[in-house]
There are 2 protein chains.
Amino acid sequence: MKHTHAEENYLKAIYMLSEGEERLVSTTAMAELLRTRAASITDMMQKLHHKGLVVYRKYQGVTLTETGKQSAIKILRKHLLWEVFLVEKLKFGWNEIHEIAEQLEHIDSDILIDRLDHFLGNPYCNPHGIVIPNADGKIVTKPRLLMTDVAEGTSGIISAIKDDSVAFLQYLGKRNIYLGAKMTVIEKIKFDESMDVTIDNQYKINISRKITDNILITL
Amino acid sequence: MKHTHAEENYLKAIYMLSEGEERLVSTTAMAELLRTRAASITDMMQKLHHKGLVVYRKYQGVTLTETGKQSAIKILRKHLLWEVFLVEKLKFGWNEIHEIAEQLEHIDSDILIDRLDHFLGNPYCNPHGIVIPNADGKIVTKPRLLMTDVAEGTSGIISAIKDDSVAFLQYLGKRNIYLGAKMTVIEKIKFDESMDVTIDNQYKINISRKITDNILITL
DNA sequence: ATAATTTTTTAGACAAACCTAAAAATTAAT
DNA sequence: ATTAATTTTTAGGTTTGTCTAAAAAATTAT
Ligand SMILES: [Mn+2]
Ligand SMILES: [Mn+2]
Ligand SMILES: [Mn+2]
Ligand SMILES: [Mn+2]
């Protein structure tokens, strides 16, 4: 099934607001997120209900059907992959990407997304650490560890950064630390709580407690 | 000025059909290119005329104003850059890219296009050899030479390929010949009209007359 | 339990893009 | 120069997505 630009935004909004669960989503919540009026939401919910993409009951709220959920996930997947592209390849800052991805997510081509995914090295999550659904619409969440808590000798893939200030991002850029990089703990220094790590088995650097507190890895 | 998705397609179509000149474009020509009905074209031409983007006179045809032309060029630039991206980075075949670029050209972000351009190495033309307008909307055409006619010792940048059959593209791929590569003529062999060339000053290969007849370079 | 407030839906309107069918203008043929 | 054929425009209509204002339902407060 193919959807219009607007339908896609609504489906994704319901998915985001219900956080993947069965939770009922209210008209006002959607109106605020999508910056439209409540009346517009009601109109669209009735339309999506007729199309079998949502279950909508007057005054009660709305939930996605399985079909609707799969559509929403596909759009989210595209959104997140484009965000990775913008940051990793075009060197955008994390705060500049959402608006552009909001447009790019509507490009209609399955093969394009397959190739983009592959080109980006099948990333696990977007720059904000949101897990990217795979091509089958499954969301495989791997447990994440705060770098501070990782034992000596352990390595993992950097999969999220908690602080997304420009200053921190610049620090990471300078040290060649990026999402998807392999980080290995060589030695933990008790005295100042810093640690020596390698990036992609190459550079060995020392990172302070302030840094390790803001990096999450998946094993 | 920002335009709707549809307006952009019409502006680009007028530009393509008038080939950058002042030539009047007919309603039917546009209807065919855009796969719509003549009546829809008339509607839109009246609208674009009111907006000052085209000069339209009943039954006479339409031309772009300077403003309209600049808009058209910007859209074309985006279209062509995305096509380069699809071929060079995502490894699409030349025949698969136009439809996707037709969508991507409407993404609205100046900085995105600047960065994409830079990421792609400021390409001179798209995979079909169409020159990409620069950021100021200027189209700088460099003279192009058929590889067959290039003298020994000369080198240039591959800027167009005449035959875009799958077979030829596969041949080029296998030999690491790609758009933007530097090709240098080492020796021209009179006997079979083939020539020895280097690609990016690295590989030295022999290419036959059939190949040199289909490659264009800029000095 | 009533009243006041908030949320949600309906009713009615509008702009953007398209369409078909009919009318008008242009161009080509006799 | 008429007539015939083609092109282009107009008139009227549809779908999509939005809006405002008013009505209805649900929620909260007294
Ligand atoms: Mn986002
Ligand atoms: Mn969007
Ligand atoms: Mn194209
Ligand atoms: Mn287009």
Side-chain angles (χ1 to χ4, degrees), chain A residues 1-15 17-18 23-64 68 71-72 75 99 102-103 105-108, chain B residues 1-15 17-18 23-64 68 71-72 75 99 102-103 105-108:
Chain A
M1 225 173 296
K2 197 155 52 196
H3 312 291
T4 67
H5 193 104
E7 281 172 359
E8 292 189 342
N9 283 333
Y10 282 96
L11 289 171
K12 183 161 66 87
I14 301 168
Y15 183 79
L17 290 170
S18 55
R23 203 189 323 313
L24 281 169
V25 174
S26 77
T27 302
T28 28
M30 294 202 66
E32 197 193 341
L33 182 59
L34 293 170
R35 277 111 142 290
T36 58
R37 299 303 184 157
S40 309
I41 303 294
T42 302
D43 284 350
M44 184 60 92
M45 290 312 108
Q46 287 167 344
K47 183 178 158 197
L48 293 179
H49 183 91
H50 272 111
K51 289 200 178 189
L53 296 164
V54 306
V55 175
Y56 164 75
R57 263 187 305 274
K58 274 188 182 183
Y59 297 102
Q60 303 303 125
V62 76
T63 54
L64 291 168
S71 290
I75 301 151
E99 285 303 299
E102 202 56 55
Q103 296 181 61
E105 70 189 357
H106 304 291
I107 303 295
D108 176 35
Chain B
M1 222 174 297
K2 196 156 49 191
H3 312 292
T4 68
H5 193 104
E7 282 171 0
E8 292 189 342
N9 283 334
Y10 282 97
L11 289 172
K12 184 162 64 89
I14 301 168
Y15 182 79
L17 290 170
S18 56
R23 200 186 327 313
L24 281 169
V25 174
S26 77
T27 302
T28 28
M30 293 202 67
E32 196 192 343
L33 182 60
L34 293 169
R35 276 111 141 288
T36 58
R37 299 304 183 151
S40 308
I41 303 293
T42 302
D43 283 352
M44 184 60 92
M45 290 312 108
Q46 287 167 344
K47 183 178 155 195
L48 293 179
H49 184 91
H50 272 112
K51 290 201 176 188
L53 296 164
V54 304
V55 175
Y56 164 75
R57 262 186 305 276
K58 274 189 185 182
Y59 297 101
Q60 302 304 125
V62 76
T63 53
L64 291 168
S71 290
I75 300 151
E99 284 303 299
E102 202 55 55
Q103 297 181 60
E105 69 188 357
H106 304 291
I107 303 295
D108 176 34

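On a predicted model such as this, the values are computed, not experimentally measured, just so you know. Here is how names work: the chains are called A, B, and so on, in the same order as the sequence lines, proteins then strands, and each is numbered from 1.
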Looking only at heavy atoms, the pair that brings B:Y15 and B:A72 closest together is CB-CB, 3.7 Å
Between A:T36 and A:Y10, is a side-chain contact (heavy atoms from CB on, under 4.5 Å) present by the stated rule, with each step listed?
CA-CA 11 Å; A:T36 58; A:Y10 282 96; 4.1 Å; yes
Reading DNA chain C in the 5' to 3' direction, which nucleotide is the first one with an atom under 4.0 Å from a heavy atom of chain A, and which is the last?
C:dT8 to C:dT10
D:dA24 OP1/OP2 closer than 4.0 Å to side-chain N/O of A:K58:
no
Residues which pass side chain to side chain donor-acceptor pair (under 3.5 Å) with A:E99, listed by chain and number, not counting sequence neighbours:
none
All ring pair (Phe, Tyr, Trp, His ring centres under 6.0 Å) counterparts of B:H49, not counting sequence neighbours:
none
Looking at A:E102, I'd like to know if its CD atom is crowded, meaning that more than 12 non-hydrogen atoms belonging to other residues, nucleotides or ligands lie closer than 6.0 Å.
yes
So, using salt bridge (charged side-chain N to carboxylate O under 4.0 Å, His left out) as the criterion, who are the partners of A:R37 when residues are at least two apart?
none
Test of understanding: with salt bridge (charged side-chain N to carboxylate O under 4.0 Å, His left out), list the residues that count as partners of B:R23, not counting sequence neighbours.
B:E19
So, with a heavy-atom separation below 4.0 Å from DNA chain C, the residues of residues 27-40 of chain B are B:T36, B:R37, B:A39, B:S40
For DNA chain C, the residues among residues 6-14 of chain B that have a non-hydrogen atom under 4.0 Å from it
B:A6, B:Y10
With sequence neighbours excluded, what pairs up with A:E105 under the side chain to side chain donor-acceptor pair (under 3.5 Å) test?
A:K12, A:H79
Those residues of residues 41-57 of chain B lying under 4.0 Å from DNA chain D by at least one heavy atom:
B:T42, B:Q46, B:Y56
Among residues at least two apart in sequence or on other chains, which ones pass side chain to side chain donor-acceptor pair (under 3.5 Å) with A:H3?
A:S71
B:L48 and B:M45: CA distance, side-chain angles, deciding distance, side-chain contact (heavy atoms from CB on, under 4.5 Å) verdict
CA-CA 5 Å; B:L48 293 179; B:M45 290 312 108; 4.0 Å; yes
Using side chain to side chain contact (heavy atoms under 4.5 Å, CB included) as the criterion, point out the one residue from A:T63, A:I14, A:T42 that pairs with A:Y56.
A:T42
B:K47: salt bridge (charged side-chain N to carboxylate O under 4.0 Å, His left out) partners, not counting sequence neighbours
B:E7
Name all residues meeting the side-chain contact (heavy atoms from CB on, under 4.5 Å) criterion together with A:L17; count only those two or more places apart in sequence or in a different chain, and write none if there are none.
A:V25, A:A29, A:M30, A:L33
Using heavy atoms to find the nearest nucleotide of DNA chain D for A:Q60 and A:H5 separately, return the residue whose nucleotide is more 5′.
A:H5
